[in-house]
Structure formats: structure tokens, C-alpha cells
Asks: 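Here it is, the structure, as C-alpha cells.
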Amino acid sequence: MTEYNFSSIEPYNAEEVPAAISRLAHNPMFARLVKTMNPNTDVNTFVSLMECITTCDELQYMIMRPLIYQIVKRSMTSFTYDGFDALDKNGKYLFVTNHRDITLDAGLFAVASIANGMKTPEIGFGNNLMKNDFIVDLFRLNKMFTIIRDGNRREFYNNSVFLSHYIRHVLMEKGSSVWIAQRNGRTKNGDDRTDQGLMKMFSLSGTGDFEADFNELHIVPVAISYEYEPCDVTKALASYAAMTGLYEKTPHEDMISMLLGISQQKGDCHLQVCKPITEEEVAYCASFDKNERFSAMAHIVDERIYDGYKLHKTNYIAADLASGEPHYDDMYTTSQMEDFIDYLSHADSPGPSIAARETVLDILLQIYSKPVFNKIRQ
């Protein structure tokens, strides 16, 4: 059996934490991040508290948890969660979630886990986000492990095998849960859809017995929904630029998106822990041949997420605007519709072209309306 050294991708261990804390606390970018999360924070006092931290769990509980709650207080009307009571507080789960914001999705899940008496999971993040030492320290101190997405086809396969073994190692040997997004990158068009390649990756570290391999992962889908999508306009503009062949990711784009997602007003937010994948469902998927069984698993995850996604008035309004029919007018008022139309009208245009503005508006409507259409088409 191959022995793997996971030190290059896993969160910091206890011996590495003090030095990483010191680097992070004294990096100028840290003060900016803290002030973005809570402008009233005294950074020097915060740094002194940071230097008392000895483990990643302590950092999350003492530092990140209060900061996340400050984000909720400053940028959300409400934050609710449900479904944790169906889980074993000491259980180890593979949480497969939709992905709407670079950092908040996982951060909100972590604080909800703590509030429900559960240990926070290790969190998967792409190496495309690891642009500098500050981000590396911040992420690895927050129990994040690196998903390597670079390389040719052979390197991609080898990295997938490595990642699969790490996830199983975390669940079975480290005794921790895992949070991972259902696809590579955030959903930019409102269509939360699981990559069947993710399911195939999970199997690469198994014994070859499909049912046994998936049953021991204890997959739990998770749906997070925001009344006002974080970075909605920038997602729409990036999608428009990609359609026209003009999109080129800038070096600091991810950091800008992280800060914007934190500070932007998001209205109501809900996190739903969905029903775990059952042994009967795994057996059903195992009845298919080859890649079809992975597609069937992905489809079950999608159905859970669509069902668990909390639809907001913005979703219903966008669905009616997109279809041109008032199918859901009992879910919102005329005033609320006018406010949402006014909100959309202030989206930055990529240029003076009326066609360009209309395309960006169509993308924004899709971001908000697609969850409605996914839910009713289950």
C-alpha cells in the first residue's frame, strides 16, 4: 500500500501554528482584513489575543467565530441554519456543498457547526487561491487543505488520487469531517450542479467496492443560499467577459472577491444540512455501469441541494422577470419587486452598448432565478 506524505497540503499542525500565527498577525494585510470584518476592532488588542493561540481549533473558536458573527451582524438581515440535529455530534462526515462565496460558505458552516456542538471540518480550497504567504497562512490556520488543480492530464489524475487518499485519511485516521464544494469554483450562473468527476475522485482511494467505499464516506449534501448573492455583479460581468472572449483573471481578483463577499449586503442567509446519502441510495447508484454510477451519485447530491436551498423573494422575483409571467407573485410585494429591479439596474455595465447591458442583466436574472427552476424541476 502506498504511503502518502500530506504535509504539503494539510492544515498546520500544533508545532507549526505559533510561527504561522506570528506571521499572520504582523502582516499588514491582516489588519485590513480584520477592519473589513469589523471596523471597530482594535487591531493591536486583536494581535495580542492572536498570540495566545496554540491550535487551529482555538483560532477558529476564539478569533474567526466572533469575526464571522460580526460579518453576519454588519452584512446580513439574518443567518439561519437547520439539519444539524439529524447528525451524530461525534460523527465524521464528508460535507458536499454548493459554493456561492469564496470564504463565507465555509466560514458560516464552521460557526454553525460550533453552535451545534460539532467540531469544525477540514475545508478544501483550490491552490489557485494560494497566491501569497498571507493567504496560505490564513487558510491553513483555518483547517483548510489544498486542492491542487494545475498540471497536464497525468498530473491531474495523480493529484486526484492524492486528494482522494487525503480525504479518506482525514475521515478515517484523523477523525475529522471534511467540507468540499460540489464543483471547481463558485457557481457563477445560479446553477448548483455537482461535478460527477468529484464523485469519481472520492472513489480513487477506495478498495474498488463501490458500495463499501462510498458508505464509509458518509456523504452529507449542504445547501447555502443568500438573499443577495455575494459578488453578483462581478460574477455577471466576468461571465459576460468570458462570453465575449475578453475575460482574463487579474492577479488580485480572488482577494478582491473575498473582501467584497465579506462586506457586501447579503440580506437573509440560510444554511441547510440535508439528509445524508443512504446505503440504499448508494446501492441504487452501484447498479449502474462505469461512469453512470458516479453521475447517479452526483444527481442525488444535486436533488438534496435543490430541495434544501431556501428560496428568497429575490429568487421568486427574478424567476417571474425571467419568464415574463407572475407565477410567484404571491411570494413578494409590488414594492419588493420594484426595489429588486432598482437593485439590478445599478449593476455596472461593461460598456455603453444596450445589448451588453441587457446580457449582463440576463446573467444576473439567471443567478437569482435558476434555484427556483431547479427546485420545481426535481
Side-chain angles (χ1 to χ4, degrees), residues 7-76 79 101-146 174 176 179 230-231 250-266 269:
S7 60
S8 63
I9 69 165
E10 64 185 344
Y12 287 136
N13 59 41
E15 289 74 24
E16 296 170 312
V17 166
I21 287 284
S22 179
R23 291 193 301 270
L24 187 69
H26 294 93
N27 190 308
M29 293 181 68
F30 183 70
R32 180 185 175 189
L33 178 63
V34 170
K35 284 293 187 181
T36 300
M37 290 181 163
N38 183 8
N40 298 322
T41 300
D42 182 290
V43 175
N44 291 328
T45 301
F46 203 81
V47 168
S48 297
L49 179 61
M50 284 276 290
E51 291 175 338
C52 298
I53 300 297
T54 59
T55 68
C56 293
D57 284 312
E58 286 181 3
L59 178 86
Q60 288 193 319
Y61 187 83
M62 296 173 61
I63 303 296
M64 299 311 299
R65 182 178 61 95
L67 284 177
I68 293 294
Y69 278 125
Q70 284 297 321
I71 294 171
V72 170
K73 181 179 179 180
R74 297 182 65 83
S75 71
M76 297 180 191
F79 170 50
D101 184 79
I102 291 177
T103 54
L104 275 183
D105 296 349
L108 292 169
F109 186 85
V111 298
S113 297
I114 293 171
N116 282 274
M118 298 184 68
K119 287 189 65 175
T120 57
E122 290 199 15
I123 300 163
F125 267 81
N127 67 319
N128 59 298
L129 297 172
M130 306 295 192
K131 295 297 186 182
N132 55 59
D133 292 340
F134 171 76
I135 293 295
V136 171
D137 282 338
L138 179 65
F139 281 14
R140 293 183 73 181
L141 280 167
N142 274 283
K143 298 176 71 172
M144 298 181 184
F145 62 89
T146 308
K174 296 178 75 173
S176 180
W179 179 103
C231 304
T250 62
H252 302 294
E253 184 173 327
D254 289 325
M255 176 58 74
I256 293 171
S257 293
M258 287 169 56
L259 295 175
L260 179 60
I262 289 170
S263 59
Q264 180 183 346
Q265 293 299 308
K266 292 167 280 290
C269 174

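Counting from 1, the numbers follow the sequence of the chain as shown.
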Asks: Report the distance from atom CG of Asp101 to atom SG of Cys269, rounding to the nearest 0.5 Å.
Replies: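 Atom-to-atom, Asp101:CG and Cys269:SG are 9.5 Å apart.
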Asks: Hey, could you give me the CG/SG distance between Leu59 and Cys52, rounded to the nearest 0.5 Å?
Replies: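 So the CG of Leu59 and the SG of Cys52 are separated by 12.0 Å.
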Asks: Would you indicate whether the side-chain heavy atoms of Ile71 and Ile68 approach each other to under 4.5 Å?
Replies: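 They are in contact (side-chain heavy atoms under 4.5 Å apart), so the answer is yes.
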Asks: Could you measure the distance from the CG atom of Asp254 to the CG atom of Asn128? Nearest 0.5 Å is fine.
Replies: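 Spacing of CG (Asp254) from CG (Asn128) equals 6.0 Å.
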Asks: List in chain and number order the residues that pass salt bridge (charged side-chain N to carboxylate O under 4.0 Å, His left out) with Arg23, two or more places apart in sequence or in another chain; answer none if no residue qualifies.
Replies: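 Counting only residues at least two positions away or on another chain, Arg23 forms a salt bridge (charged side-chain N to carboxylate O under 4.0 Å, His left out) with Asp137.
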Asks: Closer than 3.5 angstrom, by distance alone: can the side chain of Glu51 be matched with the main-chain N or O of Ser48 as a donor-acceptor pair?
Replies: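 Judged by distance alone, no pair lies under 3.5 Å.
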Asks: To the nearest 0.5 angstrom, please state how far the CD atom of Glu10 sits from the CZ atom of Arg140.
Replies: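 Glu10 atom CD to Arg140 atom CZ measures 7.5 Å (nearest 0.5 Å).
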Asks: Is any side-chain heavy atom of Glu58 less than 4.5 Å from a side-chain heavy atom of Ile63?
Replies: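 Result no, sub-4.5 Å side-chain heavy-atom pair not found.
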Asks: Taking the side chain as everything from C-beta on, heavy atoms only, tell me whether Val17 gets closer than 4.5 Å to Cys56.
Replies: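 Side-chain contact under 4.5 Å: yes.
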Asks: Determine the minimum heavy-atom distance between Met76 and Gln265, stating which atoms define it.
Replies: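 For Met76 versus Gln265, the nearest heavy atoms are N-OE1, 4.5 Å.
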Asks: To check you understand the geometry: which heavy-atom pair defines the closest contact between Val136 and Tyr12, and what is its length?
Replies: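 Of all heavy-atom pairs spanning Val136 and Tyr12, the closest is CG1-OH, 3.9 Å.
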Asks: Checking Thr41 now: which residues fulfil side-chain contact (heavy atoms from CB on, under 4.5 Å) with it, not counting sequence neighbours?
Replies: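 In terms of side-chain contact (heavy atoms from CB on, under 4.5 Å), with neighbours along the sequence ignored, Thr41 is linked to Val34, Asn38, Phe46.
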Asks: Please name all residues satisfying salt bridge (charged side-chain N to carboxylate O under 4.0 Å, His left out) with Asp133, sequence neighbours left out, ordered by chain then number.
Replies: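 Testing Asp133 for salt bridge (charged side-chain N to carboxylate O under 4.0 Å, His left out), a comparison that skips the adjacent residues, returns none.
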Asks: Just how far is it from atom SG of Cys231 to atom CD1 of Ile262, taken to the nearest 0.5 Å?
Replies: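 Answer rounded to 0.5 Å: 9.5 Å.
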Asks: Just jot down the side chain to side chain donor-acceptor pair (under 3.5 Å) partners of Ser8, sequence neighbours excluded, or say none.
Replies: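 Partners of Ser8 by the side chain to side chain donor-acceptor pair (under 3.5 Å) criterion come out as none, since no residue qualifies.
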Asks: Should we count OH of Tyr61 as having more than 12 external heavy atoms under 6.0 Å?
Replies: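 No, OH of Tyr61 has 12 or fewer neighbouring heavy atoms, counting only those of other groups under 6.0 Å.
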Asks: What's the spacing between Ile135 CD1 and Met144 CE if we round to 0.5 Å?
Replies: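 It is 9.5 Å, given to the nearest 0.5 Å.
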Asks: When you compare the side chain of Trp179 with that of Asp105, does any pair of heavy atoms fall below 4.5 Å?
Replies: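 Side-chain contact under 4.5 Å: yes.
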Asks: Got a sec, which pairs hit salt bridge (charged side-chain N to carboxylate O under 4.0 Å, His left out) with one end in residues 34-49, sequence neighbours left out?
Replies: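 Output for this query is empty, none listed.
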Asks: Can you find a heavy atom in the side chain of Leu259 that is under 4.5 Å from one in the side chain of Arg32?
Replies: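 In short, these two side chains touch, coming nearer than 4.5 Å.
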Asks: Taking distance alone, no hydrogens or angles, what donor-acceptor pairs closer than 3.5 Å link side-chain atoms of residues 107-126 to residues at least two apart or in another chain?
Replies:
residue : atom : partner : partner atom : Å
Ser113  : OG   : Phe109  : O            : 2.8
Asn116  : ND2  : Ala112  : O            : 2.8
Thr120  : OG1  : Gln60   : OE1          : 2.4
Thr120  : OG1  : Lys143  : NZ           : 3.0
Glu122  : OE1  : Tyr166  : OH           : 2.5
Glu122  : OE2  : Lys174  : NZ           : 2.7

Asks: Ignoring hydrogens and angles, tell me if any N or O in the side chain of Gln70 forms a donor-acceptor pair with the backbone of Arg65 under 3.5 Å.
Replies: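 Looks like no, no N/O pair under 3.5 Å.
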